Amino acid sequence: MKNKLTLTDILVTIIIALIFSVIYKLWGPLYSTVAVFGLHIDQLIYGMWFMAATVAFLIIRKPGIALLAELAAAQGEFMFGGQWGVTLLVYGFFQGLGCEIIFALFRYKNYRLFVTCLAGIAAGIGSLFIDAFYSYIPDLALWNLTLLIVARLVGAILITGVFAYYLVEALEKTGVTKLVRPVSSQDYQALEDEAK
Amino acid sequence: MQLDFSFQQTWLHKTNPAFKFLLMLILFIGMLFIHNPNFLIIFMVGAWIMYLGYTGHSFFNLLLFASPFLLIFITSSISMILFGEGQTTWFQFGLIHVTEESFYRGLHLGMRSMIFGLLGLLFALTTRPVLLFYSLMQQFKLKPKFAYSFMAAVRILPIMLEEFQSLRHALKVRGVTYQKGVKGFYQKLQQYVIPLLAQSIRRAHRIAVAMEAKKFSGDQQRTYYYKLQIGKYDLYFTLLLISWVSITFYLTNFISIIPIDHVRSTN
(Lines give C-alpha, C1' and ligand atoms only; values in the text may rest on other atoms or scores of the structure.)
Protein backbone atom coordinates (compact mmCIF):
# COMPACT_ATOMS: atom_id res chain seq x y z
CA MET A 1 0.00 0.00 0.00
CA LYS A 2 2.78 2.35 -0.90
CA ASN A 3 0.71 4.94 -2.68
CA LYS A 4 -2.36 5.24 -0.51
CA LEU A 5 -2.62 8.55 1.26
CA THR A 6 -2.05 8.24 4.99
CA LEU A 7 -3.19 10.72 7.56
CA THR A 8 0.33 12.08 7.71
CA ASP A 9 0.35 12.79 3.98
CA ILE A 10 -3.02 14.47 4.19
CA LEU A 11 -2.17 16.61 7.19
CA VAL A 12 1.13 17.76 5.73
CA THR A 13 -0.55 18.53 2.40
CA ILE A 14 -3.31 20.50 4.06
CA ILE A 15 -0.85 22.46 6.17
CA ILE A 16 1.07 23.43 3.06
CA ALA A 17 -2.20 24.26 1.33
CA LEU A 18 -3.39 26.42 4.20
CA ILE A 19 -0.14 28.34 4.30
CA PHE A 20 -0.73 29.02 0.65
CA SER A 21 -4.34 29.94 1.22
CA VAL A 22 -3.17 32.72 3.53
CA ILE A 23 -0.84 33.87 0.76
CA TYR A 24 -3.70 33.55 -1.75
CA LYS A 25 -5.93 35.68 0.43
CA LEU A 26 -3.26 38.39 0.53
CA TRP A 27 -2.59 37.89 -3.17
CA GLY A 28 -6.19 38.81 -4.02
CA PRO A 29 -5.98 42.55 -3.28
CA LEU A 30 -2.56 42.75 -4.93
CA TYR A 31 -3.93 41.04 -8.02
CA SER A 32 -6.93 43.35 -8.08
CA THR A 33 -4.77 46.46 -7.82
CA VAL A 34 -2.68 45.37 -10.77
CA ALA A 35 -5.77 44.38 -12.70
CA VAL A 36 -7.39 47.81 -12.82
CA PHE A 37 -5.76 48.65 -16.12
CA GLY A 38 -7.41 45.78 -17.96
CA LEU A 39 -4.25 44.96 -19.86
CA HIS A 40 -3.69 41.62 -18.14
CA ILE A 41 -0.51 42.50 -16.30
CA ASP A 42 -2.31 40.83 -13.41
CA GLN A 43 -2.23 37.55 -15.28
CA LEU A 44 1.52 37.35 -14.82
CA ILE A 45 1.05 36.80 -11.10
CA TYR A 46 -1.96 34.51 -11.51
CA GLY A 47 0.37 31.52 -11.36
CA MET A 48 0.66 32.00 -7.62
CA TRP A 49 -2.78 30.42 -7.27
CA PHE A 50 -1.57 27.12 -8.68
CA MET A 51 1.50 26.91 -6.51
CA ALA A 52 0.07 24.91 -3.62
CA ALA A 53 -0.46 21.97 -5.97
CA THR A 54 3.06 21.74 -7.34
CA VAL A 55 4.81 22.50 -4.05
CA ALA A 56 2.80 19.90 -2.15
CA PHE A 57 3.30 17.30 -4.84
CA LEU A 58 7.05 17.89 -5.06
CA ILE A 59 7.31 17.48 -1.30
CA ILE A 60 5.13 14.43 -0.82
CA ARG A 61 5.26 12.83 -4.27
CA LYS A 62 2.11 10.74 -4.15
CA PRO A 63 -0.94 10.50 -6.41
CA GLY A 64 -3.82 12.76 -5.47
CA ILE A 65 -1.70 15.25 -3.55
CA ALA A 66 -1.82 18.00 -6.16
CA LEU A 67 -5.61 17.95 -6.39
CA LEU A 68 -6.05 17.73 -2.63
CA ALA A 69 -3.65 20.60 -2.03
CA GLU A 70 -5.32 22.89 -4.52
CA LEU A 71 -8.80 22.08 -3.21
CA ALA A 72 -7.74 22.56 0.39
CA ALA A 73 -6.08 25.85 -0.44
CA ALA A 74 -9.22 27.03 -2.20
CA GLN A 75 -11.35 25.90 0.72
CA GLY A 76 -9.05 27.73 3.11
CA GLU A 77 -9.23 30.91 1.09
CA PHE A 78 -13.01 30.56 0.95
CA MET A 79 -13.24 30.19 4.72
CA PHE A 80 -11.04 33.19 5.36
CA GLY A 81 -13.56 35.18 3.34
CA GLY A 82 -11.72 35.25 0.03
CA GLN A 83 -13.23 37.80 -2.29
CA TRP A 84 -14.42 35.32 -4.93
CA GLY A 85 -16.59 33.13 -2.74
CA VAL A 86 -17.64 29.70 -3.88
CA THR A 87 -16.11 30.34 -7.30
CA LEU A 88 -12.75 29.63 -5.70
CA LEU A 89 -13.53 25.97 -5.16
CA VAL A 90 -14.56 25.35 -8.72
CA TYR A 91 -11.39 27.01 -9.97
CA GLY A 92 -9.32 25.16 -7.39
CA PHE A 93 -10.74 21.86 -8.50
CA PHE A 94 -9.93 22.36 -12.17
CA GLN A 95 -6.50 23.82 -11.50
CA GLY A 96 -5.60 20.95 -9.23
CA LEU A 97 -6.97 18.49 -11.76
CA GLY A 98 -4.75 20.02 -14.45
CA CYS A 99 -1.63 19.50 -12.32
CA GLU A 100 -2.74 16.04 -11.31
CA ILE A 101 -3.19 14.93 -14.93
CA ILE A 102 0.33 16.02 -15.86
CA PHE A 103 1.90 14.27 -12.87
CA ALA A 104 -0.16 11.17 -13.65
CA LEU A 105 1.04 11.19 -17.27
CA PHE A 106 4.57 10.85 -15.89
CA ARG A 107 3.25 8.14 -13.55
CA TYR A 108 4.07 10.29 -10.51
CA LYS A 109 7.74 9.39 -10.94
CA ASN A 110 9.13 12.47 -12.56
CA TYR A 111 9.92 15.45 -10.35
CA ARG A 112 11.99 17.52 -12.74
CA LEU A 113 11.64 21.22 -13.42
CA PHE A 114 10.24 20.50 -16.88
CA VAL A 115 7.32 18.47 -15.52
CA THR A 116 6.59 21.05 -12.85
CA CYS A 117 6.36 23.73 -15.54
CA LEU A 118 4.04 21.52 -17.57
CA ALA A 119 1.85 21.09 -14.51
CA GLY A 120 1.75 24.87 -14.19
CA ILE A 121 0.58 25.18 -17.78
CA ALA A 122 -2.07 22.51 -17.24
CA ALA A 123 -3.35 24.33 -14.17
CA GLY A 124 -3.48 27.49 -16.26
CA ILE A 125 -5.51 25.71 -18.91
CA GLY A 126 -7.82 24.42 -16.18
CA SER A 127 -8.46 27.96 -14.99
CA LEU A 128 -8.96 29.23 -18.55
CA PHE A 129 -11.56 26.53 -19.08
CA ILE A 130 -13.74 27.95 -16.30
CA ASP A 131 -12.99 31.49 -17.40
CA ALA A 132 -14.52 30.65 -20.77
CA PHE A 133 -17.85 30.13 -18.99
CA TYR A 134 -17.52 32.39 -16.00
CA SER A 135 -15.69 35.37 -17.48
CA TYR A 136 -16.74 35.05 -21.12
CA ILE A 137 -13.13 35.35 -22.22
CA PRO A 138 -13.85 34.13 -25.77
CA ASP A 139 -15.77 37.39 -26.21
CA LEU A 140 -12.67 39.50 -25.75
CA ALA A 141 -11.00 41.02 -28.79
CA LEU A 142 -8.59 38.48 -30.24
CA TRP A 143 -5.36 40.32 -29.41
CA ASN A 144 -6.56 40.85 -25.87
CA LEU A 145 -7.52 37.22 -25.42
CA THR A 146 -4.14 36.11 -26.74
CA LEU A 147 -2.42 38.48 -24.35
CA LEU A 148 -4.44 37.07 -21.46
CA ILE A 149 -3.63 33.46 -22.30
CA VAL A 150 0.06 34.11 -22.93
CA ALA A 151 0.45 36.20 -19.78
CA ARG A 152 -1.30 33.64 -17.64
CA LEU A 153 0.70 30.72 -18.95
CA VAL A 154 3.99 32.58 -18.70
CA GLY A 155 3.13 33.47 -15.12
CA ALA A 156 2.19 29.87 -14.46
CA ILE A 157 5.49 28.59 -15.81
CA LEU A 158 7.52 31.09 -13.79
CA ILE A 159 5.67 30.90 -10.49
CA THR A 160 3.99 27.48 -10.43
CA GLY A 161 6.85 25.79 -12.23
CA VAL A 162 10.22 27.42 -11.65
CA PHE A 163 9.56 29.15 -8.34
CA ALA A 164 7.88 26.13 -6.77
CA TYR A 165 10.65 23.84 -7.96
CA TYR A 166 13.43 25.88 -6.43
CA LEU A 167 11.46 26.46 -3.25
CA VAL A 168 11.15 22.73 -2.72
CA GLU A 169 14.79 22.26 -3.64
CA ALA A 170 15.72 24.69 -0.88
CA LEU A 171 13.41 22.80 1.48
CA GLU A 172 15.14 19.53 0.63
CA LYS A 173 18.36 20.91 2.04
CA THR A 174 16.73 21.20 5.45
CA GLY A 175 16.05 17.45 5.35
CA VAL A 176 12.41 17.90 6.20
CA THR A 177 11.19 16.27 3.00
CA LYS A 178 12.71 12.96 4.07
CA LEU A 179 10.13 12.81 6.83
CA VAL A 180 7.16 12.79 4.54
CA ARG A 181 8.21 11.20 1.27
CA PRO A 182 7.50 7.55 0.59
CA VAL A 183 10.61 5.39 0.60
CA SER A 184 12.08 4.96 -2.84
CA SER A 185 13.98 2.02 -4.27
CA GLN A 186 17.15 4.03 -3.76
CA ASP A 187 16.52 4.05 -0.04
CA TYR A 188 16.25 0.27 -0.01
CA GLN A 189 19.41 0.06 -2.05
CA ALA A 190 21.23 2.30 0.42
CA LEU A 191 20.12 0.03 3.27
CA GLU A 192 21.34 -3.05 1.48
CA ASP A 193 24.65 -1.43 0.65
CA GLU A 194 25.06 -0.60 4.27
CA ALA A 195 24.30 -4.18 5.30
CA LYS A 196 27.01 -5.57 3.06
CA MET B 1 -9.37 52.12 16.39
CA GLN B 2 -10.97 49.35 18.35
CA LEU B 3 -13.00 46.99 16.22
CA ASP B 4 -15.82 45.03 17.69
CA PHE B 5 -16.44 41.77 15.86
CA SER B 6 -19.13 40.41 18.13
CA PHE B 7 -22.31 39.35 16.39
CA GLN B 8 -25.70 37.85 17.01
CA GLN B 9 -26.78 34.42 15.93
CA THR B 10 -29.36 34.44 13.18
CA TRP B 11 -31.32 31.55 11.77
CA LEU B 12 -28.71 31.23 9.03
CA HIS B 13 -26.26 30.10 11.70
CA LYS B 14 -28.57 27.21 12.47
CA THR B 15 -28.65 25.80 8.96
CA ASN B 16 -26.59 22.76 8.12
CA PRO B 17 -23.22 24.05 6.87
CA ALA B 18 -22.52 21.34 4.32
CA PHE B 19 -26.02 21.58 2.91
CA LYS B 20 -25.75 25.35 2.68
CA PHE B 21 -22.46 24.86 0.91
CA LEU B 22 -24.05 22.49 -1.61
CA LEU B 23 -26.81 25.01 -2.33
CA MET B 24 -24.23 27.72 -2.99
CA LEU B 25 -22.44 25.44 -5.41
CA ILE B 26 -25.65 24.67 -7.28
CA LEU B 27 -26.37 28.39 -7.42
CA PHE B 28 -22.93 28.99 -8.91
CA ILE B 29 -23.42 26.44 -11.65
CA GLY B 30 -26.88 27.82 -12.39
CA MET B 31 -25.47 31.34 -12.66
CA LEU B 32 -23.14 30.25 -15.43
CA PHE B 33 -26.19 29.88 -17.66
CA ILE B 34 -27.66 33.31 -16.90
CA HIS B 35 -26.77 35.77 -19.61
CA ASN B 36 -29.33 38.43 -18.82
CA PRO B 37 -27.83 41.38 -16.91
CA ASN B 38 -31.25 42.54 -15.70
CA PHE B 39 -31.61 39.27 -13.85
CA LEU B 40 -28.31 39.88 -12.11
CA ILE B 41 -29.23 43.42 -11.07
CA ILE B 42 -32.40 42.23 -9.35
CA PHE B 43 -30.65 39.22 -7.90
CA MET B 44 -27.88 41.44 -6.58
CA VAL B 45 -30.39 43.58 -4.69
CA GLY B 46 -31.55 40.42 -3.00
CA ALA B 47 -27.96 39.42 -2.22
CA TRP B 48 -27.32 42.78 -0.55
CA ILE B 49 -30.49 42.47 1.52
CA MET B 50 -29.48 38.99 2.65
CA TYR B 51 -25.93 40.10 3.38
CA LEU B 52 -26.83 43.22 5.33
CA GLY B 53 -29.84 41.81 7.11
CA TYR B 54 -29.19 38.20 8.01
CA THR B 55 -25.59 37.72 9.10
CA GLY B 56 -26.07 39.19 12.56
CA HIS B 57 -22.96 41.35 12.28
CA SER B 58 -23.01 45.10 12.78
CA PHE B 59 -23.69 47.31 9.80
CA PHE B 60 -20.31 49.02 10.02
CA ASN B 61 -18.37 45.75 9.98
CA LEU B 62 -20.42 44.45 7.10
CA LEU B 63 -19.56 47.49 5.03
CA LEU B 64 -15.92 47.06 6.03
CA PHE B 65 -15.88 43.43 4.91
CA ALA B 66 -17.58 44.36 1.68
CA SER B 67 -15.18 47.17 0.81
CA PRO B 68 -13.04 45.10 -1.58
CA PHE B 69 -16.11 44.46 -3.72
CA LEU B 70 -15.90 47.77 -5.49
CA LEU B 71 -12.42 46.87 -6.66
CA ILE B 72 -13.58 43.39 -7.65
CA PHE B 73 -16.42 44.87 -9.62
CA ILE B 74 -14.01 47.04 -11.56
CA THR B 75 -11.36 44.39 -12.14
CA SER B 76 -13.84 41.75 -13.28
CA SER B 77 -15.45 44.05 -15.78
CA ILE B 78 -12.75 46.42 -17.00
CA SER B 79 -10.98 44.32 -19.61
CA MET B 80 -14.30 43.20 -21.09
CA ILE B 81 -15.56 46.79 -21.23
CA LEU B 82 -12.43 48.17 -22.83
CA PHE B 83 -11.41 45.32 -25.08
CA GLY B 84 -14.45 43.12 -25.61
CA GLU B 85 -15.97 42.42 -28.98
CA GLY B 86 -19.11 44.11 -30.16
CA GLN B 87 -20.78 45.91 -33.06
CA THR B 88 -22.13 49.23 -31.80
CA THR B 89 -19.07 51.36 -31.12
CA TRP B 90 -19.35 53.96 -28.39
CA PHE B 91 -15.77 55.00 -28.04
CA GLN B 92 -12.50 54.14 -29.72
CA PHE B 93 -8.99 55.24 -28.85
CA GLY B 94 -5.99 53.22 -29.94
CA LEU B 95 -6.47 49.71 -28.64
CA ILE B 96 -9.42 50.69 -26.47
CA HIS B 97 -12.67 49.87 -28.14
CA VAL B 98 -15.78 50.29 -26.02
CA THR B 99 -18.93 48.95 -27.62
CA GLU B 100 -22.44 48.75 -26.31
CA GLU B 101 -22.30 44.96 -26.21
CA SER B 102 -18.95 44.75 -24.45
CA PHE B 103 -19.92 47.43 -21.95
CA TYR B 104 -23.00 45.54 -20.80
CA ARG B 105 -21.12 42.26 -20.86
CA GLY B 106 -18.49 43.82 -18.62
CA LEU B 107 -21.14 45.06 -16.19
CA HIS B 108 -22.64 41.60 -16.20
CA LEU B 109 -19.31 40.05 -15.20
CA GLY B 110 -18.78 42.64 -12.50
CA MET B 111 -22.17 41.96 -10.99
CA ARG B 112 -21.63 38.24 -11.15
CA SER B 113 -18.38 38.54 -9.19
CA MET B 114 -20.05 40.80 -6.68
CA ILE B 115 -22.94 38.39 -6.12
CA PHE B 116 -20.58 35.52 -5.44
CA GLY B 117 -18.42 37.70 -3.24
CA LEU B 118 -21.50 38.61 -1.20
CA LEU B 119 -22.77 35.06 -0.99
CA GLY B 120 -19.30 33.85 -0.05
CA LEU B 121 -19.11 36.34 2.79
CA LEU B 122 -22.65 35.48 3.82
CA PHE B 123 -21.54 31.88 4.09
CA ALA B 124 -18.26 32.63 5.85
CA LEU B 125 -19.95 34.91 8.40
CA THR B 126 -22.72 32.49 9.28
CA THR B 127 -20.76 29.24 9.40
CA ARG B 128 -18.37 27.88 11.98
CA PRO B 129 -15.62 26.08 10.03
CA VAL B 130 -15.51 23.24 12.56
CA LEU B 131 -19.20 22.53 12.05
CA LEU B 132 -18.75 22.62 8.29
CA PHE B 133 -16.33 19.72 8.53
CA TYR B 134 -18.44 17.83 11.01
CA SER B 135 -21.44 18.07 8.76
CA LEU B 136 -19.39 17.15 5.68
CA MET B 137 -18.41 13.98 7.55
CA GLN B 138 -21.90 13.22 8.76
CA GLN B 139 -24.08 14.21 5.84
CA PHE B 140 -21.74 13.83 2.88
CA LYS B 141 -19.51 10.95 3.98
CA LEU B 142 -16.26 12.86 3.81
CA LYS B 143 -13.56 10.59 5.22
CA PRO B 144 -12.69 11.61 8.80
CA LYS B 145 -8.98 11.70 8.06
CA PHE B 146 -9.51 14.58 5.63
CA ALA B 147 -11.84 16.50 7.89
CA TYR B 148 -9.78 16.15 11.05
CA SER B 149 -6.58 16.95 9.16
CA PHE B 150 -8.14 20.15 7.97
CA MET B 151 -9.33 21.13 11.42
CA ALA B 152 -5.92 20.37 12.92
CA ALA B 153 -4.22 22.35 10.19
CA VAL B 154 -6.34 25.42 10.88
CA ARG B 155 -5.13 25.30 14.48
CA ILE B 156 -1.49 25.20 13.40
CA LEU B 157 -1.74 28.52 11.56
CA PRO B 158 -1.68 30.76 14.68
CA ILE B 159 1.38 28.87 15.92
CA MET B 160 3.05 29.71 12.63
CA LEU B 161 2.22 33.34 13.11
CA GLU B 162 3.95 33.31 16.49
CA GLU B 163 6.91 31.55 14.94
CA PHE B 164 7.08 34.20 12.28
CA GLN B 165 7.21 36.89 14.98
CA SER B 166 10.03 35.24 16.89
CA LEU B 167 11.91 34.65 13.66
CA ARG B 168 11.62 38.32 12.85
CA HIS B 169 12.78 39.35 16.31
CA ALA B 170 15.69 36.92 16.18
CA LEU B 171 16.85 38.27 12.86
CA LYS B 172 16.48 41.84 14.13
CA VAL B 173 18.56 41.10 17.24
CA ARG B 174 21.27 39.66 15.07
CA GLY B 175 21.24 42.83 13.03
CA VAL B 176 20.42 41.29 9.70
CA THR B 177 20.14 43.81 6.91
CA TYR B 178 18.47 43.19 3.59
CA GLN B 179 19.74 43.94 0.15
CA LYS B 180 17.56 45.80 -2.25
CA GLY B 181 15.63 44.42 -5.21
CA VAL B 182 15.45 40.81 -6.30
CA LYS B 183 18.43 39.78 -4.16
CA GLY B 184 16.75 41.10 -1.05
CA PHE B 185 13.58 39.25 -1.95
CA TYR B 186 15.53 36.04 -2.36
CA GLN B 187 17.29 36.64 0.94
CA LYS B 188 14.01 37.16 2.76
CA LEU B 189 12.63 34.07 1.14
CA GLN B 190 15.50 32.03 2.42
CA GLN B 191 15.35 33.46 5.90
CA TYR B 192 11.60 33.36 6.43
CA VAL B 193 9.78 31.02 4.09
CA ILE B 194 12.13 28.06 4.26
CA PRO B 195 12.36 27.80 8.07
CA LEU B 196 8.64 28.46 8.47
CA LEU B 197 7.69 25.81 5.93
CA ALA B 198 10.19 23.30 7.27
CA GLN B 199 9.07 23.79 10.85
CA SER B 200 5.40 23.47 10.03
CA ILE B 201 5.97 20.31 8.03
CA ARG B 202 7.84 18.84 10.99
CA ARG B 203 5.07 19.90 13.33
CA ALA B 204 2.39 18.53 11.01
CA HIS B 205 4.26 15.26 10.87
CA ARG B 206 4.44 14.98 14.66
CA ILE B 207 0.75 15.83 15.06
CA ALA B 208 -0.19 13.35 12.36
CA VAL B 209 1.67 10.55 14.11
CA ALA B 210 -0.18 11.37 17.31
CA MET B 211 -3.49 11.51 15.50
CA GLU B 212 -2.87 8.18 13.84
CA ALA B 213 -2.12 6.68 17.23
CA LYS B 214 -5.50 7.94 18.39
CA LYS B 215 -7.18 6.40 15.34
CA PHE B 216 -8.29 9.57 13.68
CA SER B 217 -7.35 7.81 10.47
CA GLY B 218 -9.96 5.09 10.93
CA ASP B 219 -12.69 5.01 8.34
CA GLN B 220 -15.01 2.76 10.29
CA GLN B 221 -18.13 3.89 12.10
CA ARG B 222 -17.28 6.54 14.64
CA THR B 223 -19.07 8.85 17.03
CA TYR B 224 -19.01 12.62 16.86
CA TYR B 225 -18.89 15.32 19.49
CA TYR B 226 -21.10 17.60 17.41
CA LYS B 227 -24.12 15.91 15.90
CA LEU B 228 -25.57 17.70 12.90
CA GLN B 229 -28.70 17.06 10.92
CA ILE B 230 -30.55 18.61 8.08
CA GLY B 231 -33.46 20.34 9.75
CA LYS B 232 -36.23 22.85 9.32
CA TYR B 233 -33.88 25.80 8.87
CA ASP B 234 -32.39 24.08 5.85
CA LEU B 235 -35.87 23.73 4.43
CA TYR B 236 -36.42 27.45 5.02
CA PHE B 237 -33.15 28.31 3.35
CA THR B 238 -33.91 26.10 0.35
CA LEU B 239 -37.39 27.61 0.01
CA LEU B 240 -35.89 31.08 0.35
CA LEU B 241 -33.42 30.43 -2.45
CA ILE B 242 -36.05 28.93 -4.72
CA SER B 243 -38.46 31.80 -4.19
CA TRP B 244 -35.63 34.33 -4.49
CA VAL B 245 -34.63 32.92 -7.86
CA SER B 246 -38.22 32.65 -9.10
CA ILE B 247 -39.15 36.15 -7.98
CA THR B 248 -36.07 37.42 -9.74
CA PHE B 249 -37.08 35.57 -12.89
CA TYR B 250 -40.58 36.98 -12.62
CA LEU B 251 -39.43 40.57 -12.09
CA THR B 252 -36.97 40.32 -14.97
CA ASN B 253 -39.99 40.24 -17.30
CA PHE B 254 -41.11 43.68 -16.16
CA ILE B 255 -38.02 45.54 -15.05
CA SER B 256 -35.51 46.27 -17.75
CA ILE B 257 -32.79 48.61 -16.56
CA ILE B 258 -30.29 47.55 -19.18
CA PRO B 259 -31.68 47.48 -22.73
CA ILE B 260 -30.12 44.11 -23.56
CA ASP B 261 -31.23 40.72 -22.37
CA HIS B 262 -28.40 38.57 -23.68
CA VAL B 263 -24.80 39.65 -23.19
CA ARG B 264 -22.92 37.01 -25.13
CA SER B 265 -21.85 38.04 -28.59
CA THR B 266 -23.75 35.98 -31.07
CA ASN B 267 -21.35 34.00 -33.16
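As the structure is a prediction and not an experimental result, all values here were calculated from the model. Every chain is numbered from 1, with letters handed out A, B, ... down the list of sequences. These values consider heavy atoms only, across backbone and side chains, with no hydrogens, waters or symmetry-generated copies.
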Against chain B, work out which of [options] has the most heavy-atom pairs shorter than 4.5 Å and name it.
options                             : result
A:Ile19, A:Ile130, A:Val22, A:Thr13 : A:Ile19
A:Gly175, A:Ser135, A:Ala170        : A:Ser135
A:Val12, A:Ile16, A:Leu179          : A:Leu179

Once you round to the nearest 0.5 Å, how far does [atom1] of [X] lie from [atom2] of [Y]?
X        : Y        : atom1 : atom2 : result
B:Met160 : B:Leu167 : CE    : CG    : 10.0 Å
A:Leu148 : A:Trp143 : CG    : CH2   : 10.5 Å
B:Phe150 : A:Ile14  : CZ    : CD1   : 6.0 Å

Does the pair [X]/[Y] count as a salt bridge with the N-to-O cut at 4.0 Å?
X        : Y        : value
B:Arg105 : B:Glu100 : no
A:Glu172 : A:Arg181 : yes
A:Lys62  : A:Glu100 : no

With a 4.5 angstrom heavy-atom cut-off, which part of [X] approaches chain B: side chain, backbone, both or neither?
X        : result
A:Ser21  : neither
A:Val90  : side chain
A:Leu145 : neither
A:Ala132 : backbone

Quiz item: Is it true that the side chains of B:Thr15 and B:Lys20 contain a donor and an acceptor less than 3.5 Å apart?
Solution: yes
Tell me, side chain or backbone of [X] under 4.5 Å from chain A's heavy atoms, or both, or neither?
X        : answer
B:Phe133 : side chain
B:Phe69  : side chain
B:Phe33  : neither
B:Val193 : side chain
B:Leu132 : side chain

Quiz item: So among B:Leu125, B:Leu121, B:Leu64, B:Leu52, which one has a side chain to side chain contact (heavy atoms under 4.5 Å, CB included) with B:His57?
Solution: B:Leu125
Self-check item: Within residues 159-169 of chain A, residues adjacent to chain B where the heavy-atom gap is under 4.5 Å
Solution: A:Phe163, A:Leu167
Report all side-chain donor-acceptor pairs from residues 106-120 of chain B shorter than 3.5 Å, counting only partners two or more places apart or in another chain.
from, atom 1, to, atom 2, distance (Å)
B:His108, NE2, A:Tyr136, OH, 3.4
B:His108, NE2, B:Ile34, O, 3.1
B:Arg112, NH1, A:Phe133, O, 3.4
B:Arg112, NH1, A:Tyr134, O, 2.7
B:Arg112, NH2, A:Tyr136, OH, 3.2
B:Arg112, NH2, B:Met31, O, 3.0
B:Arg112, NH2, B:Ile34, O, 3.3
B:Ser113, OG, B:Ser76, OG, 2.9
B:Ser113, OG, B:Leu109, O, 3.2

Quiz prompt | Student check: side-chain heavy atoms of B:Phe21 and A:Leu89 closer than 4.5 Å | solution = yes
Self-check item: Considering all heavy atoms, the nearest B:Thr126-B:Thr55 contact
Solution: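 Reported closest heavy-atom pair: CG2-CA, 3.9 Å.
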Exercise. Check A:Gly124 against A:Leu153 and note the closest heavy-atom contact, atom names and distance.
Key: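 Between these two residues, the closest heavy atoms are CA-CD2, 4.1 Å.
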